[in-house]
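Below is one structure, written out as structure tokens; the observations come after it.
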Amino acid sequence: MSRPIPAPAATVIDSLLFRDAFGTPAMRAIFSDHALIQRYIEVEVALAKAEAACGVIPAEAADEIAARCSFEALDFDLLRHETDNVGYPILPLVHQLVKQCGEAGRFVHWGATTQDIMDTANVLQIRAGLELVSADIDALRTILADLSRRHRDTPMAGRTHLQQALPVTFGYKTAIWLAALDRHAERLAQARPRVLVGSFAGAAGTLASLGESGLAVQEALCRELGLGVPVSTWHVARDGFAEVVNLLALITGSLGKIALDVMIMASTEFAEVYEPFVTGRGASSTMPQKRNPISSELMLAASKGVRQQAGLMLDAMVQDFERATGPWHAEWMAIPESFVLTAGALHQAKFALGGLIVDEAQMRRNLGLSRGLIVAEAVMMALAPHTGRQAAHDLVYAACRVVNEHGGTLAEALAAVPEVTAHFDRAAIDRLTDPANYLGAAPQMVDRVLASAPRDR
């Protein structure tokens, strides 16, 4: 018997084919329709409890609302139809909750406005989403710390403008990645108090419908939900939500940079690192030899997607007067997609970097491609105290031209220059032209990054 065809999906976020490439089940669950509706109900119930605690509605009514508001009893087809008609989901939802609660239903949504419920529900989603992002970042930081520690002294070519520049270590490279994620972890911690704040302010944000009890109810609601209390209404002050999505853009931007490095280093001409081998992963339909860096490609794509949503959130900050028209709606698109794409990128990063294959021998071979020219600066700086910097530069420059035009190594070319051999014998020249001896403070910088922040290991 054939299986039923699943409901059609229009985006990679909910696509049967692509959803686990660009997201994770856990993050999709947080931002699913059902989870969102449950958050709406959670806020409505918390509001009733808060108002009862402040003497605004009868305690018995709040108890009834808490006991009888049921997600499972909702008519979802009716909710969808009325939401499409009204333009917002809260009024249609309240209609059904009122019926569920019987006589107590007249106290449902007391003194609230649609945006209060929707914004606060979104904050609850964001809180749960940030917990997942934070956990993934911590796991990735542990992975990168291990890589940095293990390859602290693994020499490789450092590249600027895609040309070999000076030697570095692979641990130095991964420590730079790690330091960025350390900063993102710090940013996440700093953003929480600013962002995880409840929204309850009434029609125009003044809480006028609750009279003198307004601020007390607001505080009680936030306490009930474990959220911060706003110092002012933020119906049209959207910097908190914009900050979250732009923080996700920073995180995925760093992952995109890592992905780009890995993809280039995995190219045939570099062949220095590879994503973990899984049979069939990255295979080509026509070229059996291919092993494409799929996780890195997905990370890079996600970084571009979240960046676009970050721009949309900045645009959505420009809102009119005390309650916005269209800009608010743009957030409904940007926030869920940004969280799902970020979760997907972090998942791919943990896989790719957690099992990264590092070819130290190939890194050493690539260091030798320039036949010593990559450390021409080292020779110049060692010769300068004897000849002066400019003279040393000119001598080494001439030796480099000999290597480029006639072949051989820089050590061989320097050994033929009397002004050089007057100060260095061949053994000293060989030491000066060994890239592994010109790593600067790269290993020490790895140590500093590893010591700069607490991690699991």
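Bear in mind that the values here come from a model prediction, so they are computed numbers and not experimental data.
At least one side-chain heavy atom of Ile258 sits under 4.5 Å from a side-chain heavy atom of Leu353. You'll find the side chain of Leu373 reaches within 4.5 Å of the side chain of Asn404, heavy atoms only. You'll find the side chain of Leu178 reaches within 4.5 Å of the side chain of Leu450, heavy atoms only.
Partners of Tyr172 by ring pair (Phe, Tyr, Trp, His ring centres under 6.0 Å), not counting sequence neighbours: none found. Checked against side-chain contact (heavy atoms from CB on, under 4.5 Å), Ala436 has the following partners two or more places apart in sequence or in another chain: Pro155, Arg364, Asp434. Remark: Arg127 pairs with no residue by the salt bridge (Lys or Arg N to Asp or Glu O under 4.0 Å) rule, at least two apart or across chains. Residues satisfying the side chain to side chain donor-acceptor pair (under 3.5 Å) test with Ser199, not counting sequence neighbours, are none. Remark: Tyr274 pairs with Ala271, Arg291, Ile357 by the side-chain contact (heavy atoms from CB on, under 4.5 Å) rule, at least two apart or across chains. A search for side-chain contact (heavy atoms from CB on, under 4.5 Å) contacts involving Val236 returns Gln319, Ala324, not counting sequence neighbours. Scanning for side-chain contact (heavy atoms from CB on, under 4.5 Å) contacts around Asp14 gives Ala9, Thr11, with sequence neighbours left out. For Asp116, the salt bridge (Lys or Arg N to Asp or Glu O under 4.0 Å) test picks out no residue, with sequence neighbours left out. Residues passing the side chain to side chain donor-acceptor pair (under 3.5 Å) test with Asp430 are Arg426, sequence neighbours excluded.
Of the possible polar contacts, none joining the Gln362 side chain to the Asp359 backbone as a donor-acceptor pair under 3.5 Å is found. Checked by atom type and distance alone, the side chain of Ser267 never pairs as donor or acceptor with a backbone atom of Met263 at under 3.5 Å.
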Contacts table for residues 336-345: side-chain donor-acceptor under 3.5 angstrom, sequence neighbours left out:
{"unit_1": "Glu337", "atom_1": "OE2", "unit_2": "Gln309", "atom_2": "NE2", "d": "3.4"}
{"unit_1": "Ser338", "atom_1": "OG", "unit_2": "Ala334", "atom_2": "O", "d": "2.7"}
{"unit_1": "Thr342", "atom_1": "OG1", "unit_2": "Ser338", "atom_2": "O", "d": "2.7"}

Output side-chain donor-acceptor pairs under 3.5 Å for residues 22-31, partner residues at least two apart or in another chain, one line each.
{"unit_1": "Thr24", "atom_1": "OG1", "unit_2": "Met27", "atom_2": "N", "d": "3.3"}
{"unit_1": "Arg28", "atom_1": "NH1", "unit_2": "Arg19", "atom_2": "O", "d": "2.9"}
{"unit_1": "Arg28", "atom_1": "NH1", "unit_2": "Asp20", "atom_2": "OD1", "d": "3.1"}
{"unit_1": "Arg28", "atom_1": "NH2", "unit_2": "Asp20", "atom_2": "OD1", "d": "2.9"}

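Between the side chains of Arg323 and Gln115, at least one donor N or O lies within less than 3.5 Å of an accepting N or O.
Within 6.0 Å of CG on Asp75 lie more than 12 heavy atoms contributed by other residues, nucleotides or ligands.
Ring to ring, Trp328 and Tyr88 are close: their centroids are under 6.0 angstrom apart. Residues Phe321 and His235 keep their aromatic ring centres 6.0 Å or farther apart. Note: Tyr40 and Phe71 fail the aromatic proximity criterion, with ring centroids not under 6.0 Å apart.
For residues 409-433, the set of pairs meeting the ring-ring contact (aromatic ring centres under 6.0 Å, His included) definition, not counting sequence neighbours, comprises His386-His423, His386-Phe424.
Using a 4.0 Å cut-off between charged nitrogen and carboxylate oxygen, Lys257 and Asp261 count as a salt-bridge pair.
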